[in-house]
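The structure appears below as structure tokens.
In the text below, chain A, chain B and the rest are named by the order of the sequence lines, each starting its count at 1. Not measured: the values here are computed from a predicted model.
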Protein chains: 2
Amino acid sequence: MNFILKDENSIYYEAKYSCDNAIYLKLGSEKFFITDSRYTEEAKSESRECEVIESRDLIATLKDILAKHSKLEIVFDPYEWKVAEFEALNKGIELNLKAKKHFSQKRRIIKSDEEIEYLSTASKYAKAGFERFKEYLSIKGVGKKESELNFKMQTLLRQKGSLELSFDPIVAFNENTSKPHALPTDRRLSNGDLVLVDAGVKYHRYCSDRTETFMFQKTKFSSVKMSAKVKKIYDIVEKAHSETIEKVRTGMKASEVDKIARDIITNAGYGDRFIHSTGHGVGLDIHEYPTISAKSDVVIEDNMVFTIEPAIYIPDFLGVRIEEMVVMKNGKAKVL
Amino acid sequence: MNFILKDENSIYYEAKYSCDNAIYLKLGSEKFFITDSRYTEEAKSESRECEVIESRDLIATLKDILAKHSKLEIVFDPYEWKVAEFEALNKGIELNLKAKKHFSQKRRIIKSDEEIEYLSTASKYAKAGFERFKEYLSIKGVGKKESELNFKMQTLLRQKGSLELSFDPIVAFNENTSKPHALPTDRRLSNGDLVLVDAGVKYHRYCSDRTETFMFQKTKFSSVKMSAKVKKIYDIVEKAHSETIEKVRTGMKASEVDKIARDIITNAGYGDRFIHSTGHGVGLDIHEYPTISAKSDVVIEDNMVFTIEPAIYIPDFLGVRIEEMVVMKNGKAKVL
């Protein structure tokens, strides 16, 4: 397959180097990395098996190369191109371009050992960040705003800037936990509040993704019990989470994996409160394949990496979500 | 003019509210804000004069509205649409869509008093961040890596998370300053190093942009002098910067403004080392109109806001850039 890539992560996957202004072209065994003068030095030393071409107009340079191969079918992802750029690419030249949506992400669905190592390390760093954050909360959390604590979480995760975030974290208290994508507010933390934290970091560009929901305790030594109603909901989500991880097997369809979690929540009477899919692949992008949803026919295979994140959201009351990343190994899921 | 917007900042300019999944449609005096259930509540309370429509498929909803007005000419920006999305928009329906590149940014070239107030406040917060950073450097900077200090600068600018960054800052030492978009390295700061910092924050979504280049001093009380060669280059850039701000007038073409700075640097013998344009508009986007370059015919008017950032880059030796934002008022430039 001959193809063009424009997305930074898609290019990284092929070339092991990427930057924010590049086009990658694979033509048979020839691979071209087109970028501007800011990045050509790095591209030459770090990219794998590519001919690096410096250009002030990347699309014009791409066209010059393609003009010599105008009959070849070349695949592109119509989500990677803006209309204006795609028009510039096709202007004054007859090309045989074939649209394949998300084809790069689909190539990346099975992870290599190295990728799994990076994903595992990203996950470990994030877990350590969650621990530091909970320690901080227990000592200094009372009275702090969601927005301040969100920033604190970012700072703790980033380890003096040596790690990047996978996405802007979610830090929500009580009612605000009921929004799957809660934005930080000025609400202040009190002892006994329910806290939901969803965050991740990148290691060698590979993302982690993790959610914990817990009752806030003022110090490590006091203990705050969940009310019976909160505890009931928490336990249902926890059961959906742990049983799905325990029961998922290679050979299942992703929809069957989704069904394990969804049935537990539905049988407990909260089916209409689990308003998203059970999980998603994770890799260079925070959302990749396989999608673990009721609609997904993808068959689970060894070396796929995805999240298991069942949840129950009750508007104006609370949300509980528990999320971990797993890798499929020897037919079963292993938590990263 | 009837138009569709998809970019978050373009939509914000019209609706005074925006989010990361929205389409804005203006049809005569009717204005529609289409978004998903995560954002409809906020959109209803905060957006201006819009009918807010909740949708699970924004493009399908847009098509339903457009189907009733299929003969109207409707403007869109081909840089705001991905090929796949634009195909979905046009599939099965005959529309009269007209591409106008960057038309929203062009509408935003003259700033209102309120916008200038926000830009001015963003600039003041960033300046205060630069001061805190230099104070920090003088006390704790020695031996710290570029990457650590970059993170410190981000932390100081963000004021406990109450402000967002306009872009990832540049913090570069010595030779690394010679790259206009230097990436942070593991190089450690020594007394007497040349330091270049380029950074900004957003206030009410409006960006600031500022660059300082200075010699690093270990404490406030010691003084490190620039070497004669560095000082000579610094003084040329400083002269280009201050004289351009002093001489720019409404009625000039942007290319004439660029020429003021470029002539000073060229006459000093460094014309080929000033490798970018003299400035760019700033607003909701960090790069807006007018572009202050040799190619730009835009006539400067009151209430335009743009940067003046002449520079000299000598590879493997140093770069000096001095950047401030100005607003045109009563025919002249006022530094923000």
Side-chain angles (χ1 to χ4, degrees), chain A residues 6-7 19-21 36-39 41-42 56 76-90 97 99-102 144-165 167-169 171 179-186 275-276 313 315, chain B residues 6-7 19-21 36-39 41-42 56 76-90 97 99-102 144-155 158-165 167-169 171 178-186 275-276 313 315-316:
Chain A
K6 217 166 162 297
D7 174 77
C19 59
D20 65 4
N21 189 35
D36 69 60
S37 60
R38 291 174 293 168
Y39 302 112
E41 286 304 312
E42 280 185 341
R56 289 183 154 225
F76 75 102
D77 181 346
Y79 282 103
E80 292 193 356
W81 287 78
K82 291 176 181 175
V83 169
E85 296 163 339
F86 196 66
E87 274 178 9
L89 174 60
N90 284 284
L97 298 177
K100 277 197 185 174
K101 290 174 184 172
H102 306 302
K144 293 275 199 308
K145 295 176 193 172
E146 276 181 356
S147 53
E148 288 173 281
L149 290 173
N150 191 306
F151 182 65
K152 188 72 197 176
M153 181 65 182
Q154 295 182 33
T155 309
L156 290 172
L157 285 168
R158 291 196 57 198
Q159 298 194 30
K160 298 187 178 179
S162 63
L163 298 174
E164 297 291 322
L165 300 174
F167 53 90
D168 285 339
V171 175
K179 299 172 191 155
H181 290 87
L183 298 173
T185 71
D186 283 349
I275 55 177
H276 54 63
Y313 305 100
Chain B
K6 219 168 159 298
D7 175 76
C19 57
D20 64 5
N21 189 35
D36 69 60
S37 60
R38 292 173 293 167
Y39 302 113
E41 286 304 311
E42 280 186 341
R56 287 181 157 228
F76 75 102
D77 182 348
Y79 282 103
E80 292 193 357
W81 288 78
K82 291 174 180 174
V83 169
E85 296 164 339
F86 195 66
E87 274 177 8
L89 175 60
N90 284 283
L97 299 177
K100 277 198 186 174
K101 290 174 184 173
H102 305 302
K144 294 274 197 311
K145 296 176 191 169
E146 276 182 355
S147 53
E148 288 174 279
L149 290 173
N150 191 306
F151 182 65
K152 187 71 195 178
M153 181 64 181
Q154 294 181 33
T155 308
R158 291 195 56 198
Q159 298 194 29
K160 299 187 178 179
S162 63
L163 298 175
E164 297 291 324
L165 301 174
F167 53 90
D168 285 339
V171 175
S178 73
K179 299 172 191 156
H181 291 88
L183 298 174
T185 71
D186 283 349
I275 55 178
H276 54 63
Y313 305 99
D316 301 320

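- For B/Asp20, the CG atom counts as densely surrounded, since its 6.0 Å shell holds more than 12 non-hydrogen atoms of other residues, nucleotides or ligands.
- Every residue meeting the side-chain contact (heavy atoms from CB on, under 4.5 Å) condition with B/Thr185, not counting sequence neighbours, appears here in chain and number order: B/Glu146, B/Asn176, B/Arg187.
- The NZ atom of A/Lys82 lies 15.0 Å from the CZ atom of B/Phe86; values are rounded to the nearest 0.5 Å.
- For chain B, the option among A/Gly161, A/Ser147, A/Ser162, A/Ala84 with the highest count of heavy-atom pairs below 4.5 Å is A/Ala84.
- Rounded to the nearest 0.5 Å, atoms NE2 (A/His181) and CG (B/Asp36) are 9.0 Å apart.
- Contact annotation for B/Glu80: neither backbone nor side-chain heavy atoms come within less than 4.5 Å of a heavy atom of chain A.
- In this structure, the separation between OG1 on A/Thr155 and CZ on B/Arg158 is 7.5 Å, given to the nearest 0.5 Å.
- Neither the backbone nor the side chain of B/Leu149 comes within contact range of chain A; no heavy atom of the residue lies under 4.5 Å from a heavy atom of that chain.
- Under a cut-off of 6.0 angstrom, the local environment of CD in B/Gln159 is crowded, with over 12 non-hydrogen atoms contributed by other residues, nucleotides or ligands.
- Within the 4.5 angstrom heavy-atom criterion, only side-chain atoms of A/Glu42, from C-beta onward, approach chain B.
- Rounding to the nearest 0.5 Å gives a distance of 12.0 Å between NZ of A/Lys179 and OG of B/Ser37.
- In this structure, the ring pair (Phe, Tyr, Trp, His ring centres under 6.0 Å) partners of A/Tyr79, at least two apart in sequence or on a different chain, are A/His102.
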